[in-house]
Structure formats: structure tokens, C-alpha cells
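Okay, so here's the structure we're looking at.
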Protein chains: 2
Amino acid sequence: MKSTIRDVAKLANVSISTVSRVMNAPETVIEEKRVKVLEAIEALQYQPNAFARGLIYKKSDTLGVMIPDIENPYFAGLIRGMQDAAVELNHSLMICNTDRDKQRTITYVQNFFEKQVDGIVFASDALHTEYYEEMQRYRLPFVLASTNAPEFDIPSVDIDDEQGAYEAVKYLIESGHRRIGMIGFPLGETISGLPRYDGFRRALREYGLNTFETCVEYAEHRYEHAYDAAALLLTRCPGLTAIFAASDEFAMGTISYLRDIGKSVPEHLSVIGFDNIRMAQLFIPKLTTIEQPTYDIGYRSVQKLHELITTGEVSVLREKLPHQLIVRESTRPY
Amino acid sequence: MKSTIRDVAKLANVSISTVSRVMNAPETVIEEKRVKVLEAIEALQYQPNAFARGLIYKKSDTLGVMIPDIENPYFAGLIRGMQDAAVELNHSLMICNTDRDKQRTITYVQNFFEKQVDGIVFASDALHTEYYEEMQRYRLPFVLASTNAPEFDIPSVDIDDEQGAYEAVKYLIESGHRRIGMIGFPLGETISGLPRYDGFRRALREYGLNTFETCVEYAEHRYEHAYDAAALLLTRCPGLTAIFAASDEFAMGTISYLRDIGKSVPEHLSVIGFDNIRMAQLFIPKLTTIEQPTYDIGYRSVQKLHELITTGEVSVLREKLPHQLIVRESTRPY
DNA sequence: AATATGTTTGAAAACCTTTTCAGAAAACCT
DNA sequence: AGGTTTTCTGAAAAGGTTTTCAAACATATT
């Protein structure tokens with residue numbers, strides 16, 4: 001059915017070696033035969049079989065990507081960056097949605113291994129020891145995107161979460177806010193939980209607002225949880241004038257709650273987000289937030305993985321990309 | 001480096017045929033050897049090489065997916081559904097972002113072909129004849145997800161756009177609105193452009209509101225365009241009390257514009273969207289919209305592709321999944 | 001003319017698996 | 001015991017490519 005190198009050889013009246021050479025080292029075959037082969041290839045719509053090739057080269061030019069939750073808009077930019085980098089490197093991406101499910105994640109790793117991916121980008125989730133061991137077991141090169149693993153020496157690309165959070169809260173303080181609370185990720189399980197809280201605290205302490213260190217509630221990844229957390233936060237710390245949300249989604253959930261109890265943003269309270277997902281500028285009010293260079297994180301992480309695969313090492317182990325405060329409408333001076 | 005079937009055979013003191021049998025037809029090998037082989041497999045972390053396998057089976061258990069714009073949240077649900085179906089079928093997904101770029105799309109098809117995907121899901125974009133021919137050229141099985149191609153006999157999974165639009169507009173009319181406009185997709189290029197406009201028109205005509213057929217402006221996929229289109233629409237048809245937006249993103253862009261000119265939704269105008277993307281319920285006001293079963297569309301499309309690949313045909317060619325009106329806060333009776 | 005050098009080519013091995021085929025061993029029958 | 005069937009096994013071929021090696025030929029050098 002599909003034409004093979006043999007068919008091309010026959011049609012062009014040469015050996016299969018010659019056909020192979022035309023494709024891989026054209027300068028070594030005499031012009032006359034070369035054009036005959038090229039014509040035959042065109043005529044038969046010949047495309048070399050990636051299986052046979054892979055068998056020889058021992059690589060697939062395919063990279064595996066593990067994403068915890070593809071419905072989270074944060075990952076769209078990440079994937080886009082990865083995709084573009086992959087295209088430039090002539091590679092393909094195999095993308096998996098782990099749902100933060102351990103069993104599923106491990107199954108995917110095995111699957112990737114069997115499909116002979118050249119490496120894996122592990123995005124955004126905390127790297128549990130199990131995962132680490134699984135990767136080690138199969139000796140698969142991998143890098144972390146938008147997360148990192150202080151305890152292991154694994155290449156990673158992300159931002160400085162602590163500093164980002166610090167700048168967000170500092171901005172609020174310098175706008176005159178004094179009573180500031182936070183909606184954060186759970187400290188333990190998640191990778192940006194602790195550093196963002198640390199940044200929050202550092203800013204508070206710097207301005208002597210230590211009392212508000214305890215005005216924190218935690219939510220797990222989704223809007224609805226942030227909505228509930230905001231309710232808890234405001235009953236516990238009723239006098240707040242500003243809230244630092246550890247993600248834009250949390251900011252939206254918080255604002256939604258505030259609206260439901262009749263407080264509008266930024267008139268009654270200021271809310272600052274984190275990430276600058278695309279929705280941040282579509283939301284009403286447009287979100288003041290810390291921008292993460294998601295596209296670049298994705299792009300760089302694939303480049304880094306490629307570097308790791310081809311050279312066996314990586315020039316910078318933990319790469320931090322710049323973030324940026326973006327002031328929009330959800331905050332105002334107090 | 002990686003262990004092969006040969007290593008396992010050696011360690012277990014059997015022939016490679018036996019090892020292969022242990023993996024593919026365990027009942028044909030005597031227990032004693034079977035356990036020895038199993039132990040050897042475990043000890044060596046052996047995983048069969050997908051290249052060698054593919055060479056024999058002539059299939060990769062991998063499906064290609066083409067998405068026009070991964071940053072559009074509409075696709076998140078779609079991908080999730082596809083992913084879940086793929087997992088159940090023990091397949092992997094290779095996902096590509098075409099950016100609606102013709103050249104890039106065609107390159108991807110070639111790439112998929114070379115990587116020996118078993119088939120392709122082509123999502124949501126209009127199927128240009130070029131694409132169709134490219135697929136035919138490589139004889140790749142493919143199905144359309146969330147789009148269709150009336151002119152070709154290609155399996156597809158989507159909803160009844162015309163009917164969905166009709167129901168949206170009918171709902172507005174039955175809530176007392178009479179002066180209704182629309183923000184639509186361009187009629188020509190895009191697949192849901194015309195049917196959604198047709199549905200809009202059918203509802204108007206049914207209630208004798210034909211004069212408003214011309215109160216339509218077009219935007220191209222993104223929020224900002226809808227914002228501008230809303231401006232145009234309202235200057236041209238100033239008296240509108242309700243707007244049917246052909247997507248939730250358009251609805252959000254429209255509402256954003258309305259707010260900027262001091263009109264609030266739903267107090268001054270009602271706006272109804274389409275798709276029910278996740279943001280629809282997070283937006284303020286929460287969007288009234290026509291829900292598309294995106295997850296199911298993705299899920300079914302992969303199942304259908306698998307059916308096409310394995311049996312060579314498909315039981316229902318054009319599958320229409322049910323949509324549903326979801327009333328939230330962006331509309332109110334007039 | 002004979003030798004050395006360089007260019008171009010095809011045959012064959014290698015990559016790793018599955019599967020066919022035939023042979024060996026075991027089990028069954030008379 | 002001898003013959004027949006069944007069960008289990010290993011050798012070898014096949015799948016499509018790249019690459020090594022040696023052969024064939026042409027060209028340059030003496």
C-alpha cells in the first residue's frame with residue numbers, strides 16, 4: 001500500500017542504498033541518478049517510515065508533555081510556546097493531561113517510554129518522589145516547566161514566585177493599603193504555594209504589617225474554592241482593603257464572591273492576581289496581576305529538554321524568567 | 001543501553017520467541033518458563049520497542065489532533081474528551097496547534113504521516129479543499145470534530161448550530177425582546193458562521209421581526225474583534241435591547257464594550273452567548289448561553305476515528321450531539 | 001602501461017520485534 | 001509398544017530504513 005524505499009529504487013532503477021543517499025547525503029550521488037530518484041519519490045509520494053528510522057537512530061524526534069489540567073487557561077500559553085519550539089526543532093509533541101492523578105501520571109510515563117519519546121517536559125505540578133523515580137527508572141531525560149524541584153538536580157524553567165508575590169503585595173502597600181489578606185495555594189502539596197506566601201509575608205514584614213500574616217486562606221486550584229476561601233477570609237479578617245490572590249483564577253473567584261456580598265472591586269476592595277492568563281484582561285474589572293511569561297516558559301523548557309537530550313547536560317540548571325507587574329482595573333490606591 | 005528482548009531471553013534462558021509469546025500469548029508457554037521470563041522482564045525493566053512493533057503491525061496506536069487555536073478555551077474540553085477516549089483505547093494523542101495557518105497545517109499532516117499516526121482528528125476549523133486533498137493523498141483516516149464538511153463524505157461530530165442559534169434567539173424573543181442584534185462569525189470562512197446566522201434569522205422571521213436581520217456585525221474569533229463589532233453594531237442599530245453573540249468570547253467582548261459606554265448587562269441590554277466555555281460561569285455577569293457538549297464531542301470523535309481505523313467505516317457519518325440552553329445572569333426579560 | 005587515488009555504487013548487516021513453520025517432547029489412544 | 005495427536009519451543013523470515021564495506025569504474029600520476 002504505502003510505498004517503500006524499495007519501490008522508489010525499482011522505479012528509478014537504482015539500489016535502495018542510492019535512494020537512501022539521495023535523502024541523507026545527496027551530494028554523494030551523481031546528478032543523473034539523483035534526479036531520477038527525486039522524480040520517483042515525487043511520483044510515488046514516498047515518505048520514509050518513521051518506525052524503521054527510529055529503529056536505527058534510536059530516537060523518535062518526539063517529546064512527551066505532562067500537563068496537570070488542560071482546562072486551566074494558564075497552560076494554553078505554555079503549550080503554545082512548547083509547540084513553537086518543537087516545530088523549530090523539527091520535533092513533535094505528545095501531550096497528556098494527568099489530572100494530578102498519580103496512577104495516571106505513572107501510566108503516562110510508561111506509555112511515553114514505550115512510544116520511545118526522546119524526553120519529557122513535566123509541567124507545573126509538584127514533582128513527587130514517585131514520579132522522579134519512575135523517570136529515573138526509565139532513564140528518560142526530563143525538564144520541569146513552570147515548577148521546580150529544590151531537592152533534586154533537575155533542569156527547570158520558571159519564575160521567581162517569592163519575588164513576584166512580594167512585588168504584588170508591595171504594590172498594594174505602596175498604594176496605601178494596610179489591611180491585606182491572601183488567597184493562596186495549599187502550602188504543602190503545590191510548588192508555588194510556599195514561595196508565594198513567603199513573598200506575601202516578606203512584603204508585610206518589610207512595612208511592619210506582621211499582624212496580617214495570618215489573614216490567609218487556601219484554595220485548591222479552582223475558582224469555586226477561591227470563592228469559598230474568600231468568604232472564610234472575610235469573616236475572619238473583616239476589615240481588609242486589599243487581597244492578594246495567588247492566581248488570576250483565584251482573583252476572579254474572590255471578586256465574584258465580593259460582588260455577591262455587595263462589595264465591588266476596586267471601589268470597596270482591591271484585588272491583585274497572579275499569572276496574567278488571557279482572561280485577566282477580559283474579565284470585568286480587568287485584573288491587576290503579576291505576569292508570567294508562560295509562552296517563554298514553554299518555549300524555553302522544550303529548548304532545554306532538547307539541549308539535555310543532545311548534549312547530555314544543560315547550561316543553566318534552574319532557569320528563572322522575568323515576571324512583571326501589570327496594573328489594570330482591579331486595584332486602586334487606598 | 002535499553003534492554004531488548006534478546007537480553008530478556010538470555011537472562012531467562014529461553015529463545016526470543018518464547019519471550020515474545022509471554023507478552024502476546026502467555027497461555028501458550030509453560031508456567032515454569034513463563035515465570036522465569038516475567039522475572040527477567042521485571043529485572044531488566046524491559047519494555048518492548050514501539051518502533052520494532054510498529055514496523056510489524058504497521059500501526060502506532062497514536063492519533064494526530066489538529067486544533068486551530070489552543071488558547072481558545074473552547075478547545076480545552078474538546079481535548080480532554082479526546083484524551084480520555086484515547087486512554088480507554090490505549091492510544092496516544094499527538095496534538096498540533098495550526099493557528100489556522102494553511103502552510104503549517106499541511107506541514108503537520110505530512111509530519112503526522114511520517115510519524116505513522118493511525119488517523120487524524122481535525123478539529124473545529126473549516127476543512128479547506130487543500131487539507132482534504134492532503135489527507136486523501138496520504139490516505140489517512142480522519143474525522144472532523146466540532147465542524148463538518150457538507151461537500152465531502154467525511155465522518156464528523158458536532159452540534160446543530162442552526163438549531164442552537166435559533167433556540168438562543170427564540171429565548172430572547174420569548175423573554176419579551178424585540179430589537180435583537182447579533183455578533184457573528186464571518187459567514188464565508190468559518191464553519192459555524194452561516195448556520196448560526198441562519199438560526200438567528202429563522203427565529204426572527206418566525207416572530208415577524210425580519211427588519212432586524214441586518215443588525216449583524218462580524219468578528220473574527222477573538223474578544224477584541226467582538227468589542228469593536230459591538231461598537232459598530234450599536235451605532236448602526238442603536239435601539240437594540242438584546243444581542244445574540246455567536247460565542248461566549250464574543251459575548252464577553254460585547255459586554256465589555258457595553259460597560260465601557262456605561263450600559264450594564266442585563267439591566268440595559270441582554271446578551272446571550274454560545275458554547276458555554278468554562279469562563280461563562282466565572283464571568284460577571286454569568287453568561288446565559290447555549291451549551292455545547294465539548295467533552296463529548298472530543299470523546300466521540302476519537303471513538304469514531306478508532307471505529308473508522310479498525311473497521312474501515314463508520315456507523316453514523318454525521319453525528320449531531322445535543323446542545324442546551326443555560327440561563328444565567330446576562331439576560332433578563334424585557 | 002602500470003600504479004595510485006578518488007568517486008560512485010550495490011550487497012549485506014544491523015536495528016528489534018512478531019509470526020510462521022517445523023521439529024521435539026509429551027500426552028493420548030489402541 | 002507403536003502410532004497419533006497435542007503442546008511447546010526455537011530458528012528464521014519479515015518489516016523498512018541506514019550504514020559499512022568492498023567492488024567497479026574513472027581519473028590522475030609515474
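Scope of the values below: all heavy atoms of this structure, side chains included, with no hydrogens, waters or symmetry mates. So you know, we letter chains A, B, ... as the sequences are listed, proteins then strands, and number each from 1.
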Practice task
Let me know the distance between CE of A/Met23 and P of D/dG16, rounded to the nearest Å.
Solution key: 15 Å

Practice task
Tell which nucleotide pairs with D/dT6, taking only Watson-Crick or G-U wobble pairs whose two distances are both under 3.5 angstrom.
Solution key: C/dA25

Exercise for the section: Tell which nucleotide pairs with D/dA14, taking only Watson-Crick or G-U wobble pairs whose two distances are both under 3.5 angstrom. Expected result: C/dT17

Problem - Note: B/Arg137-B/Glu134 ion pair, threshold 4.0 Å (strictly below) - result: yes

Handout entry: Phosphate contact (D/dT17 OP1 or OP2) by A/Tyr46 side-chain N/O below 4.0 Å
Key = yes

Exercise for the section: Flag the pair B/Asp153 and B/Arg318 as a salt bridge only when some basic side-chain nitrogen lies within less than 4.0 angstrom of an acidic carboxylate oxygen. Expected result: yes

Practice task
In whole angstrom, give the distance that lies between atom CD of A/Glu32 and atom C1' of C/dT8.
Solution key: 12 Å

Practice task
Could you check how far NZ of A/Lys59 sits from C1' of C/dC16, rounded to whole Å?
Solution key: 18 Å

Problem - Side-chain ion pair, B/Arg80 and B/Asp296, N-O less than 4.0 Å - result: no

Practice task
Check side chain to side chain donor-acceptor pair (under 3.5 Å) between A/Gln103 and all other residues, then give those that pass, not counting sequence neighbours.
Solution key: A/Thr107

Fill in the blank from the handout: Per-nt protein contacts along nucleotides 9-15 of chain D (heavy atom under 4.0 Å; B base, S backbone sugar-phosphate only, - none) come out as BBBB--B

Handout entry: Spacing between A/Lys115 atom NZ and C/dC16 atom P, to the nearest angstrom
Key = 20 Å

Exercise for the section: Kindly give the heavy-atom pair with the smallest separation between B/Arg278 and A/Pro73, and that separation in Å. Expected result: NH1-CD, 4.2 Å

Which atom pairs, one a donor and one an acceptor, fall under 3.5 Å between side chains of residues 47-56 of chain B and the rest of the protein, sequence neighbours left out?
residue: B/Asn49; atom: OD1; partner: B/Phe51; partner atom: N; Å: 2.6
residue: B/Asn49; atom: OD1; partner: B/Ala52; partner atom: N; Å: 3.3
residue: B/Arg53; atom: NH1; partner: A/Glu114; partner atom: OE2; Å: 3.3

Problem - Under 4.0 angstrom between A/Asn49 side-chain N/O and D/dT17 OP1 or OP2 - result: no

Practice task
Report the distance from atom NZ of B/Lys2 to atom C1' of C/dC15, rounded to the nearest whole Å.
Solution key: 13 Å

